[in-house]
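Predicted model only: the values in this text are computed from it and were never measured.
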Amino acid sequence: MWFDITRPDYLADDHWRCVEHEANRLRRSLDAGDGSQALSDIKCVVESIARIVLDIEGTPADPNIPFDTVVNRAHQLLAGQPGRELANTSVFGQVATQASKIARNLGQIRNEFGGGHGRARTPDLRDEMVSLALDAGLLWSRWALRRLGYFSEGRPTNLINDLVTQPQNFHAGLLARRLQAANLPAIEARHQRAIGVAVGQRVMRETFVVRWDGLEPCLASDDLNTWPRDYRIGLAYGLWFAPDDRVTLMPQSLREALKVLEPVADCADDLTEWVDRIIRATVPGGFASTSWQENFSAARFVENHLALRPPEERPALAALANHLEPGPPF
């Protein structure tokens, strides 16, 4: 008997080594014709993958949590994972759910028929039992591994690390795929905001493909489902402040940040804090590296933006416009 599993992209080396270790044990059991041990090993393959899912999510499973609970929690996390090649329609989703239910039986199968137990009597284990257990475990394992790559690359910590902490190269379309994998509408607001900050800060490093995938589609859309409130607030912040808290505000990033925030009903608290920091950290009169006309135009843009925003935001915007107002052009 033989089987194969494929390593997904973006899965960390140490995680894949765990899966590979369990898979190699299973191969050795099958090569030795030890069906009883193979039942234990396929259960360990499934459990390893499930625990990796929970570890990547940041909610590692306690060693004493039952096998079927671990697999069920991992399945629920992976079931809604977006991905361009993934089948999430209802019929196929039902197939995957049934696969997880079948795989969760491996815990009981291992206890009754598998190796690793000192027994008084040898269980009546037939070839088809081993084949069915392998089919069940591998069906769910392959489904989970196909999704685990998307799940891993969309995790906020991984994405933020690749954008700003330890900047990686991004080619056209890569960030769009990873933002889809992040499932922005479904993750916590703090994660939405953190990803937005990282995208904005990478844009300010003039990484054009990040601008194309993470900023420009947001500018072109008022949809708060695709581009949620906290992603927008984080993106605006990243356009104005660097990772070391330096002010990176420029005429273009000024306009883009305020446009990104237009669909957000009220962000007065954030704007007030940001403007206070800008006023404390920069000299009045506009941007030192730009012309008088650009500074004048930026101040007018903020003034004109006042009428579009709720009253709670206007004091901060008025203070920003006043701070950017250039002196006489002579």
Tell me the closest heavy-atom pair linking Leu224 and Arg232, and the distance in Å. CD2-NE, 3.6 Å
Just wondering, more than 12 heavy atoms not from Glu206 lying within 6.0 Å of its CD? no
For atom CD of Gln108, decide whether the heavy atoms of other residues, nucleotides or ligands shown that lie under 6.0 angstrom number more than 12. no
Cation over ring, Arg178 on Tyr10, under 6.0 Å and within 45°? yes
State plainly whether the residues Arg211 and Glu256 are in salt-bridge range, i.e. N to O under 4.0 Å. yes
Strictly by modelled atom types, are Thr290 and Asn295 linked by a side-chain donor-acceptor pair under 3.5 Å? yes
Is there a donor in the side chain of His75 and an acceptor in the side chain of Trp140, or the other way round, less than 3.5 Å apart? yes
Member of Asn24, Asp41, Asp34 meeting the side-chain hydrogen bond (donor to acceptor under 3.5 Å, both in side chains) criterion with Ser29: Asp41
Between Arg255 and Ser297, does any side-chain donor sit less than 3.5 Å from a side-chain acceptor? yes
Using the ring of each side chain (for Trp, its six-membered ring), is Trp292 parallel, tilted or perpendicular to Phe296, with breaks at 30° and 60°? parallel
Can you name the closest pair of heavy atoms from Gly214 and Leu235 and give their distance? O-CD2, 3.8 Å
Do the side-chain N and O atoms of Asp162 and Gln166 include a donor-acceptor pair separated by under 3.5 angstrom? no
Please determine if Arg104 forms a cation-pi arrangement with Phe67, meaning its NZ or CZ atom is less than 6.0 Å from the six-membered ring centre and no more than 45° off the ring axis. no
When you look at CG of Asn161, are more than 12 heavy atoms from neighbouring residues, nucleotides or ligands closer to it than 6.0 Å? yes
Greater than 12 external heavy atoms within 6.0 Å of Asp14's CG: yes
Check whether Phe151 forms a cation-pi arrangement with Arg155 (NZ or CZ under 6.0 Å from the six-membered ring centre, at most 45° off the ring normal). yes
NZ/NE/NH1/NH2 to OD/OE distance under 4.0 Å, Arg7 and Asp13: yes
So which atom in His323 and which in Ile278 form the shortest heavy-atom distance, rounded to 0.1 Å? NE2-O, 3.9 Å
Should Trp274 and Leu320 count as side-chain neighbours, where that means a heavy-atom distance under 4.5 Å? no
Would you please say whether a donor-acceptor pair under 3.5 Å links the side chains of Gln192 and Glu188? no
Please report the closest heavy-atom contact between Ala307 and Arg314, naming both atoms and the distance. O-NH2, 3.9 Å
Salt bridge (charged side-chain N to carboxylate O under 4.0 Å, His left out) for Asp270 and Arg193? Distances and angles first, verdict last. CA-CA 12 Å; Asp270 292 286; Arg193 188 173 297 216; 2.9 Å; yes
